[in-house]
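Position 1 is the first residue of the sequence; numbering continues from there.
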Amino acid sequence: MTAPTHSKGPTLILSMVEFVKTVVYPAVDDVDFGYFSVTTSNYTSSHLTAFLLTGVPGLEDFQIWLSIPFSFMYLLALIGNGLVMAVVAWDRNLHEPMYLFLAMLALNDVLLCTVTVPKMLLIFWQGPSLSTFPACLTQMFFVHALFLSESAVLLAMAFDRYVAICAPLRYATLLTGSLISKVALTLVARSVAVVTPGVLLILRLHFCQSNIIRHTYCENMGIAKLACNSIKLNSVYGLTAALLTTGLDFVFIALSYWVILRTVFQLPSREARTKAFGTCGAHICVILIFYTLAFFSFFTHRFGNRVPRHALILLANLYLLVPPTMNPIVYGVKTKEIRMQMRGLCKQLK
């Protein structure tokens, strides 16, 4: 008796899945294709061509809804920071150290969220997404480098406020255009010098079990934890680098503001104290937003074993997206000059 023609269907589907498994996704050891799960057991480091980013673990069914607030925040970050950069470039009266550092911060914020958010939204909309090994390392490099440069810019802004309040007579001679250019080059060089060894430490690892990263972007320890050999050196270097860069930046910022506050409280008039606080208020808010989220995410990832995985991943995304979204809003509200020039620029565009 001849078998019915529709019996070839399952055979054809299984052949297609096998083709995808062996040709299209040679490096993926566990891929979910709708109702079919493809698993490979002979995964070795020589087959490593890509990582599979799966998004927020445990919230796969809700990721389309998560994309709405993240898209809105990303749009706000682009518009707000773009306006800040345009205002500083447009008005020559704002070509002062404080506003130039603010423009540098805005540029860094745009780059930081652009490195991560588009890929994250693609995962939220379309499901797990492949990222080639070089692309993943490139994203990892820029995520960590831009995060370090953000911290360095905040330190430079704290130094600017320290000189403006504690040594106002030397402000013009100390913070020259030449010094600001050197600061910009230094923070870029520091970020490259600190992050590059981390990338090289990843290259020494052997990946022989899985290439699935349960995250929305490639980051150092997320990749390292997939390795079969020891990652102790990666972990020690990552912790040491974080403490000696971001940690020290925060210490120096705290010390500078401690001196600033002592100087402000010694000012004779209430009006002078209010004005001094006004010039520092926006920067203090930005510092608190950035370092609170960063340190909380850092310590919960390393020591928060009982924190749900989806909470850690959401927090890791928020500490890269919330500061770029909030910074232009804070400076727009707290800084009179920026607020007035934004209004003027918007009117001119209309």
Q. What distance separates L102 CG from Y331 OH, expressed to the nearest 0.5 Å?
A. 5.5 Å

Q.
Treating T216 as the side-chain partner and M120 as the backbone partner, does any N or O pair qualify as donor plus acceptor under 3.5 Å?
A. no

Q. Do we see a donor-acceptor contact under 3.5 Å between the side chains of K119 and S131?
A. no

Q. Do the side chains of L205 and N234 get nearer than 4.5 Å, heavy atoms only?
A. yes

Q: Would you check, one step at a time, whether the test side-chain contact (heavy atoms from CB on, under 4.5 Å) holds for D91 with Y99?
A: CA-CA 10 Å; D91 189 353; Y99 303 108; over 6 Å; no

Q | Residue pair C136, I223: steps toward the side-chain contact (heavy atoms from CB on, under 4.5 Å) verdict | A | CA-CA 9 Å; C136 205; I223 301 174; 3.9 Å; yes

Q) Hey, what do you get for NE2 (H206) to CG (N229), rounding to the nearest 0.5 Å? A) 5.0 Å

Q. F51 vs F133 aromatic rings, parallel, tilted or perpendicular, using cut-offs 30° and 60°?
A. tilted

Q) Mind checking whether L59 and F62 have side chains closer than 4.5 Å, heavy atoms only? A) yes

Q. L76, L83: one ILVMFWY side-chain cluster at the under-4.5 Å cut-off?
A. no

(Q) For a quick check under 3.5 Å, do D160 and Y171 share a side-chain donor-acceptor pair by atom type? (A) yes

Q. Side chains of L154 and V286: closer than 4.5 Å at any heavy-atom pair?
A. yes

(Q) A side-chain contact here means heavy atoms from C-beta on lying under 4.5 Å apart; do F101 and L105 qualify? (A) no

Q.
Donor-acceptor check, side chain of N108 to backbone of L146, threshold 3.5 angstrom: yes or no?
A. yes

Q. Between F70 and L66, what is the shortest heavy-atom contact and its length?
A. CD1-O, 3.0 Å

Q: Starting from the C-alpha separation in whole Å, work towards a yes-or-no answer on side-chain contact (heavy atoms from CB on, under 4.5 Å) for T325 and Y74.
A: CA-CA 7 Å; T325 304; Y74 181 51; over 6 Å; no

Q | Heavy-atom side-chain proximity of S71 to F124 below 4.5 angstrom | A | no

Q | Chi angles and distances behind the side-chain contact (heavy atoms from CB on, under 4.5 Å) call for M98, V88 | A | CA-CA 10 Å; M98 174 182 174; V88 174; over 6 Å; no

Q. Any chain of hydrophobic side-chain contacts (each under 4.5 Å) joining L107 to F141?
A. yes

Q. Under 3.5 Å, is there a donor-acceptor pair between the side chain of N317 and the main chain of I313?
A. yes

Q. Taking atom CD of Q266 and atom CG of L261, what is their separation to the nearest 0.5 Å?
A. 11.0 Å

Q: Look at atom CZ of R204 and say whether more than 12 heavy atoms of other residues, nucleotides or ligands are closer to it than 6.0 Å.
A: yes

Q.
Using a 3.5 Å distance criterion without hydrogens, assess whether the side chain of S129 forms a donor-acceptor pair with backbone atoms of L53.
A. no

**Q.** CG-CD1 distance between L52 and I212, expressed to the nearest 0.5 angstrom
**A.** 5.5 Å

Q | Flag, side chain of E219 to backbone of G222, donor-acceptor distance under 3.5 Å | A | yes

Q) If you look at every heavy atom in H144 and N220, which pair is closest and at what distance? A) NE2-N, 3.2 Å

Q. Okay, side chain of S235, backbone of I231: is any donor-acceptor separation there less than 3.5 Å?
A. no

Q: Check the angle between the aromatic planes of Y319 and F147 and answer parallel, tilted or perpendicular using the 30° and 60° thresholds.
A: perpendicular

Q. Sub-3.5 Å donor-acceptor pair from the side chain of Q63 to the main-chain atoms of W125, do we have one?
A. no

Q: Pick out which of L187, V192, V194, V188 makes a side chain to side chain contact (heavy atoms under 4.5 Å, CB included) with R190.
A: V194

Q) Just checking, is any N or O donor in the side chain of Y257 or H283 under 3.5 Å from an acceptor N or O on the other one? A) yes

(Q) If I take atom OG1 from residue T240 and atom OH from residue Y237, how far apart are they, to the nearest 0.5 angstrom? (A) 9.0 Å

Q: Using modelled atom types only, decide if a donor and an acceptor are shared between the side chain of Q139 and the backbone of C218 within a distance under 3.5 Å.
A: yes

Q) Hey, quick one: are F290 and I284 part of the same hydrophobic cluster, counting side-chain heavy atoms closer than 4.5 Å, chains of contacts allowed? A) yes

Q.
For L121 versus S67, what's the shortest heavy-atom pair and its separation?
A. CD2-O, 3.8 Å

Q) Do L175 and F159 come within less than 4.5 Å of each other through their side chains, counting heavy atoms only? A) yes

Q: Evaluate the side-chain proximity of T245 to S151: yes if any heavy-atom separation is below 4.5 Å, no if none is.
A: no

Q | Distance, nearest 0.5 Å, that separates CG of D109 from CE of M104 | A | 12.0 Å

Q. If only atom types and distance count, is the side chain of N81 paired as donor or acceptor with the main-chain N or O of P324 below 3.5 Å?
A. yes

Q) What pair of heavy atoms forms the shortest contact from S210 to L226, and how long is it? A) O-CB, 3.7 Å

(Q) Contact between T176 and L179 at the side-chain level, heavy atoms closer than 4.5 Å - yes or no? (A) yes

**Q.** ILVMFWY cluster, L185 and M157 together (side-chain gap under 4.5 Å)
**A.** no

**Q.** Within one Ile-Leu-Val-Met-Phe-Trp-Tyr cluster: I213 and L122, side-chain cutoff 4.5 Å
**A.** no

Q) Where is the tightest heavy-atom contact between A106 and M85, given as atom of each residue plus distance? A) CB-CG, 3.7 Å

Q.
Using a 3.5 Å distance criterion without hydrogens, assess whether the side chain of D249 forms a donor-acceptor pair with backbone atoms of L155.
A. no

Q: Might you point out which heavy atoms bring V110 and A77 nearest each other, and give the distance in Å?
A: CG2-O, 4.5 Å

Q.
Is it the case that the side chains of T246 and Y291 hold a donor-acceptor pair, with the cut-off being a distance below 3.5 Å and no angle test?
A. no

